[in-house]
Amino acid sequence: WCITQPLTLGPQLVFVAASLLLSLVFRRVKSHLTILLMIVFSVIVSTRYLFWRATETLSFDTVGSSVFGLLLLGAEIYAYLVMVLSYFQVFWVLERKPVPMPADISTWPHVDICIPTYNEPLDVIKPTVLAAQSMDWPAEKLHIWILDDGSRDEFTEFAKEAGVGCIRREIHNHAKAGNINHALQQMSGDFVAIFDCDHVPVRSFLQMTVGWLMKDPKIALVQTPHHFYSQDSFSRNLGLDSTIPDDNALFHDFIQKGNDAWDATMFCGSCAVMRRKALDEVGGIAVETVTEDAHTSLKLNRRGWSSAFIGVPLAAGLSTETLSAHVGQRIRWARGMIQIFRVDNPLKEDNLTWGQRLCFFNAMIHFLHGLPRLIFLLAPLPYIFFGSYVFDAPILTIFAFAIPHMLHATLTTGILQRGYRSPFLGGIYEAVLSWYILLPTTVALINPKYGKFNVTVKGGTVESQYLDWQIIRPYLVLMALNVAGLIGGIWLLATNPTQEIFTLINIGWILYNLVILGATIAVAVETVQERRFPRVPINREASIKLDDGRLFGVTLRDYSQNGANVVIAPQMENGEEKALRPARVGDHIELVLPLDARLVAFPAIVRRVRENDLGETVMGLELVNLTIEMERDLTAATFGRADAWAKEPVGSRNPFAGSSALVAFAWRGYRALFKFAPPMLRPLFKAVGNVVAWVFSFIPRPAGRSLGLSTIGRVEGFADEKETL
């Protein structure tokens, strides 16, 4: 009745005002019941909106209005379906705690650790292998294997030096899945732990995960979050700090907890432990699709096996270095999930529960957002160019139905995803991927067997800042169409004042689209990443030892595989603080770190010495001449610490937080177009920039505060200008 009851404008406004007021009150109360009520309100209001859209707003007067109106309605139905399924997935998440291992170590099982690799450099895989060796597990029951699908002699030699196994194969079929399945034939452990070659586990990984497998014989999989110690291309190129969740946080840190509540935890290809008996029962890792991980977990659930998710980061890896690599990775995920949808549809009758079916179904159709997102980016243009109404309803009625739908969805999603996804960044994530996943997902729907596995490149560098013109080509086309629509809308305002309100609404929509598209350009500006080994921030006590044997207490501020930054507090001299510089650039010293009940020393060369604003001495160290034993100790003392990746979600309760940052990102993107444009196009961009700066100059702002838009005309100074939000 709440959904289908027809109301005139007045009662409809009373209904939405009451529901919005209740939601605004509920969101301030930290209770699970209030979250459930907000979900109920959101679903009711959005369903009522769609019912109204389908029954009262479609125009079939012209072919254009019919086609464009139905396309937009289809995109809205898709977004609604994903929203409702997402609510279902996470309305009650499971915060599963680790189960302690038995006190009798002799009862602990044998575990095979698989580290598959194909074309990654040896330096990327070393920390993973050495960290696996440092795990707190009986040595005689820990079997570590490098699965080298690249058949490289240096990997075989390293495995021999490190004291681990190395498995190579002659026939390289089925990519990563085939590599693991081939290795399983040579293993006999009770459980199998799988790590991507760049994912470094902490020492307590097995003790935190295997307990559930021993407690419940029906559990086949224990998955942990994918955590990354290097910034992904979105965070790095937009200049986000660590308090802003990255693109992976929503699924790996939050949605998986909801999946766990429905016994639908998805295997993510790494950072997981699996029961060997269950793997054998389903024929090993799935090879029918290019997302072998999620497909394997679906097969296990079909066989009646359960799964579990421990929401504590117990390993960390490398993010993709460039936007193009990130997009390539997501294309494979999108293609693979649609392949699973076609060849092993979770909705068909079998042993799956309805909770499991809907969780897997939502994960699959999520990657169909390419076409709906493009429709939203082009939706206002049919009215501007052809006079076609995608909404055929009075203005006030549109506001009375559409605005509450959007506000409820934003409020509820913002509360649910707080600390795991920034609402306004979500639009950028989807816009960046929409064009590139559209074709692969469409092909996979038609022919699920088409497409091959592509390896995500890790461990590279970016030597200079540049705009990836190749990857932004579709965004430029969309941008040009929206700019043309903006110009056409201004022309309509001047020539057809009777339709002023409709025109203004579409101009506002176009401006929002241009903000999103501008932000996608900003993401494509690759920032310099000179370090091959990213530094990991830390705040831990340590020491440095000089050649003469003197020890100085320091604070370790960051570390990597081959370097570190340490800070030395100033000393008091004659009642004043004075910076202490015990070593100079080029000096050979030792970095001393605690490891269990002992101290371990690592030879280093001082590469930089400076004084910071607090009067502390900051020393940059390069670790040199490390033996394999030293590398193992270094990994255990840094990457392998039990609390190395522990974190709490941080986020504002304001669902509109970040809107100003979104505009700033868009402005940065448009400036980048000018900065990196070919010389022949710069006069055109400069002219457009001057017009935009003139328009924005009419925006009211506090006295003495500049919008900073006039800088678009200056080429010089862009490279070294520091932008802060």
**Request:** Using atom types as modelled and distance alone, determine if a side-chain donor or acceptor of Y229 lies under 3.5 Å from a backbone N or O of L318.
**Result:** no
**Request:** Would you please indicate if the ring centroids of H199 and H226 are separated by under 6.0 Å?
**Result:** yes
**Flag, side chain of T128 to backbone of C197, donor-acceptor distance under 3.5 Å** = yes
**Asked** Hey, mind stepping through M187 and H143 against side chain to side chain contact (heavy atoms under 4.5 Å, CB included) and telling me if it holds?
**Response** CA-CA 9 Å; M187 300 176 185; H143 314 283; over 6 Å; no
**Complete:** Tightest non-hydrogen contact, residues N447 and R342, listed as N-NH1, 4.4 Å
**Asked** Residues in side chain to side chain contact (heavy atoms under 4.5 Å, CB included) with P109, at least two apart?
**Response** M101, W137, D190, F191, V210, M214
**Item:** Where D148 and G150 come nearest, the two heavy atoms and their spacing
**Value:** OD1-N, 3.0 Å
**Item:** Donor-acceptor pair between T117 and R152 side chains, under 3.5 angstrom
**Value:** yes
**Prompt:** Are I310 and W212 close enough that some pair of their side-chain heavy atoms sits under 4.5 Å apart?
**Reply:** yes
**Message:** Donor-acceptor pair, distance only, cut-off 3.5 Å: does the side chain of D260 make one with the backbone of A264?
**Reply:** no
**Fill in**
Closest non-hydrogen contact found for Q356 with D263 is NE2-O, 2.7 Å
**Message:** Using a 3.5 Å distance criterion without hydrogens, assess whether the side chain of S230 forms a donor-acceptor pair with backbone atoms of P534.
**Reply:** no
**Asked** Any chance NZ of K218 has more than 12 other-residue heavy atoms, nucleotides or ligands included, within less than 6.0 Å?
**Response** yes
**Backbone N/O of A294 and side chain of S297: donor-acceptor pair under 3.5 Å** = yes
**Candidate pair E526 and N237, rule side-chain hydrogen bond (donor to acceptor under 3.5 Å, both in side chains), full reasoning** = CA-CA 6 Å; E526 300 292 352; N237 295 345; 3.2 Å; yes
**Message:** Quick one, L298 with M364, criterion side chain to side chain contact (heavy atoms under 4.5 Å, CB included). Give me CA distance, side-chain angles, the key distance, then yes/no.
**Reply:** CA-CA 12 Å; L298 177 60; M364 294 169 189; 4.2 Å; yes
Could you list the donor-acceptor pairs under 3.5 angstrom formed between side-chain atoms of residues 80-89 and any protein atom two or more places apart in sequence or on another chain?
unit_1, atom_1, unit_2, atom_2, d
Y80, OH, T47, OG1, 2.5
S86, OG, V82, O, 2.7
Y87, OH, S42, OG, 2.9
Q89, OE1, N362, ND2, 2.6
Q89, NE2, N259, OD1, 2.7

**Asked** Has the side chain of Q231 got a donor or acceptor atom that lies under 3.5 Å from a matching backbone atom of L240?
**Response** yes
**Request:** State, to 0.1 Å, how close P346 and R357 come at their nearest heavy-atom pair, and which atoms those are.
**Result:** O-CG, 3.0 Å
**Message:** Given 3.5 Å as the limit, does a donor-acceptor pair link the side chain of N179 with the main chain of P116, or not?
**Reply:** no
**Side-chain donor or acceptor of T322 paired with backbone N/O of A325 under 3.5 Å** = yes
**Message:** Looking at every heavy atom in both A431 and I516, which two are closest together, and how far apart are they?
**Reply:** CB-CG2, 3.6 Å
**Asked** Is the closest side-chain donor-acceptor distance between R332 and T291 under 3.5 Å?
**Response** no
**Side-chain H-bond candidate by donor/acceptor type, H227 with H252, under 3.5 Å** = no
**Message:** How close do W305 and A220 get, counting heavy atoms only, and between which atoms?
**Reply:** CB-CB, 3.7 Å
**Message:** Taking I365's backbone N and O only, do any of them form a donor-acceptor pair with Y78's side chain (distance below 3.5 Å, no angle check)?
**Reply:** yes
**Asked** Are there more than 12 heavy atoms of other residues, nucleotides or ligands under 6.0 Å from atom CD of Q186?
**Response** yes
**Residues, nucleotides or ligands: over 12 heavy atoms within 6.0 Å of W645 CH2** = yes
**Ion pair check, E281 and R275, cut-off under 4.0 Å** = no
**Message:** Taking S270's backbone N and O only, do any of them form a donor-acceptor pair with Q223's side chain (distance below 3.5 Å, no angle check)?
**Reply:** yes
**Request:** Mind telling me whether F361 and F341 have parallel, tilted or perpendicular rings, with 30° and 60° as the class edges?
**Result:** tilted
**Candidate pair T441 and R335, rule side-chain hydrogen bond (donor to acceptor under 3.5 Å, both in side chains), full reasoning** = CA-CA 5 Å; T441 52; R335 178 191 292 121; over 6 Å; no
**Message:** Show, in sequence, the C-alpha distance, side-chain angles and deciding distance for F254 and V90, and conclude whether the side chain to side chain contact (heavy atoms under 4.5 Å, CB included) test is met.
**Reply:** CA-CA 8 Å; F254 181 58; V90 300; 3.8 Å; yes
**Request:** May I ask you to check whether F251 and Y420 place their ring centers less than 6.0 Å from one another?
**Result:** no
**SB check D196 K176 (cutoff 4.0 Å)** = yes
**Request:** Check the pair S235, D232 against side-chain hydrogen bond (donor to acceptor under 3.5 Å, both in side chains), reporting the backbone distance first and the verdict last.
**Result:** CA-CA 6 Å; S235 299; D232 64 15; 3.1 Å; yes
